[in-house]
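Each remark here refers to the structure printed beneath this line.
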Amino acid sequence: MSADSSKPEPAKKQRAPGRPKAEAPHDATIQLRLDKRQLDLVTEQAQQTGLSRSAIIRAALDGVRVLQAAPTPEQREHYRQLVKLATNLNQLVMQARVGQDVQDRARATLAQVQQLLATLNQTGA
């Protein structure tokens with residue numbers, strides 16, 4: 001027997017816990033019978049909102065009355081433009097803080113924001 005085998009092995013590092021548990025996991029399953037019309041309605045709402053059919057039914061049980069449809073590609077583009085304009089406004093504010101004259105550019109950018117918001121309100125977003 002060698003001297004190395006009598007040494008105790010170093011303690012293994014404890015691994016960090018994995019993914020945190022969900023706050024309210026869905027741990028119960030039910031079967032639900034729907035007629036064709038009801039199934040089509042739930043499926044249509046799921047497609048419009050981007051949620052699963054189960055999420056639609058859970059939302060209905062929680063008392064959610066109106067489900068908002070997922071934005072159209074055109075609306076998504078408008079949202080992207082709004083983000084860019086908001087970034088521009090933020091940069092103009094930073095420039096104004098250091099003493100630069102940015103009033104004209106800020107007014108033009110705000111006009112674009114108002115125009116986009118009006119367009120989004122007309123399309124029902």
Side-chain angles (χ1 to χ4, degrees):
M1 191 148 91
S2 68
D4 291 335
S5 64
S6 64
K7 287 184 181 178
E9 291 186 27
K12 291 185 178 181
K13 290 184 179 178
Q14 290 286 341
R15 293 182 71 183
R19 182 177 180 180
K21 299 276 186 208
E23 294 261 338
H26 307 294
D27 55 0
T29 303
I30 63 168
Q31 283 188 338
L32 178 65
R33 292 187 175 271
L34 301 173
D35 62 25
K36 176 80 169 118
R37 180 191 60 79
Q38 293 168 327
L39 179 61
D40 290 344
L41 181 63
V42 171
T43 302
E44 180 184 337
Q45 287 181 350
Q47 289 172 347
Q48 288 176 353
T49 60
L51 299 172
S52 67
R53 291 187 296 197
S54 296
I56 297 292
I57 293 170
R58 282 192 297 271
L61 290 171
D62 287 339
V64 175
R65 295 194 187 273
V66 178
L67 296 172
Q68 184 175 354
T72 64
E74 179 183 340
Q75 290 170 333
R76 287 178 199 252
E77 181 57 33
H78 289 312
Y79 291 138
R80 281 189 204 99
Q81 291 174 5
L82 279 173
V83 168
K84 290 177 184 179
L85 290 171
T87 302
N88 289 349
L89 282 174
N90 191 32
Q91 291 171 352
L92 290 171
V93 167
M94 298 300 283
Q95 291 174 0
R97 286 186 180 165
V98 295
Q100 293 183 16
D101 183 26
V102 295
Q103 284 185 354
D104 293 336
R105 290 183 288 168
R107 283 192 180 110
T109 303
L110 282 173
Q112 289 176 321
V113 168
Q114 290 172 338
Q115 182 181 6
L116 270 175
L117 289 175
T119 303
L120 284 169
N121 285 333
Q122 289 173 355
T123 60

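Side chains included, hydrogens not; waters and symmetry mates left out as well; all remaining heavy atoms used.
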If you group Ile, Leu, Val, Met, Phe, Trp and Tyr by side-chain heavy-atom gaps below 4.5 Å, do [X] and [Y] land in one group?
| X | Y | value |
| --- | --- | --- |
| Leu92 | Met94 | no |
| Leu110 | Leu117 | yes |
| Leu32 | Leu39 | yes |

Item to check | Note, Leu85 side chain near Asn88 side chain (heavy atom, < 4.5 Å) | outcome: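 Touching, per the 4.5 Å side-chain cut-off.
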
Inter-residue atom distance [X].[atom1] - [Y].[atom2], 0.5 Å rounding:
| X | Y | atom1 | atom2 | result |
| --- | --- | --- | --- | --- |
| Gln75 | Thr119 | CD | OG1 | 11.0 Å |
| Asn121 | Leu116 | CG | CG | 11.0 Å |
| Leu34 | Thr43 | CG | OG1 | 8.5 Å |
| Arg53 | Leu41 | CZ | CG | 12.0 Å |
| Leu61 | Ile56 | CG | CD1 | 11.5 Å |

Checklist entry - Out of His78, Gln115, Gln81, Glu74, which residue meets the side chain to side chain contact (heavy atoms under 4.5 Å, CB included) rule with Leu120? => result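 For Leu120, the side chain to side chain contact (heavy atoms under 4.5 Å, CB included) check succeeds only for His78.
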
Item to check | side-chain hydrogen bond (donor to acceptor under 3.5 Å, both in side chains) contacts touching residues 89-105 (sequence neighbours left out) | outcome: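 Found Gln95-Arg105.
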
Next on the checklist: Quick check against the 3.5 Å criterion: does Gln38 have a side-chain atom that pairs as donor or acceptor with the backbone of Asp35?
Outcome noted: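 Side chain of Gln38 to backbone of Asp35: a pair is present.
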
Checklist entry - Of all residues at least two apart in sequence or in a different chain, which pass the salt bridge (charged side-chain N to carboxylate O under 4.0 Å, His left out) check with Arg80? => result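 So Arg80 forms a salt bridge (charged side-chain N to carboxylate O under 4.0 Å, His left out) with Glu77.
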
Next on the checklist: On a heavy-atom basis, which atom in Ser52 and which in Ala46 lie closest, and how many Å separate them?
Outcome noted: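 So the two residues come closest at C-CB, 4.0 Å.
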
Item to check | Residue pairs involving residues 36-45 (criterion salt bridge (charged side-chain N to carboxylate O under 4.0 Å, His left out); sequence neighbours excluded) | outcome: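 Every pair satisfying salt bridge (charged side-chain N to carboxylate O under 4.0 Å, His left out) with a residue in residues 36-45: Lys36-Asp40.
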
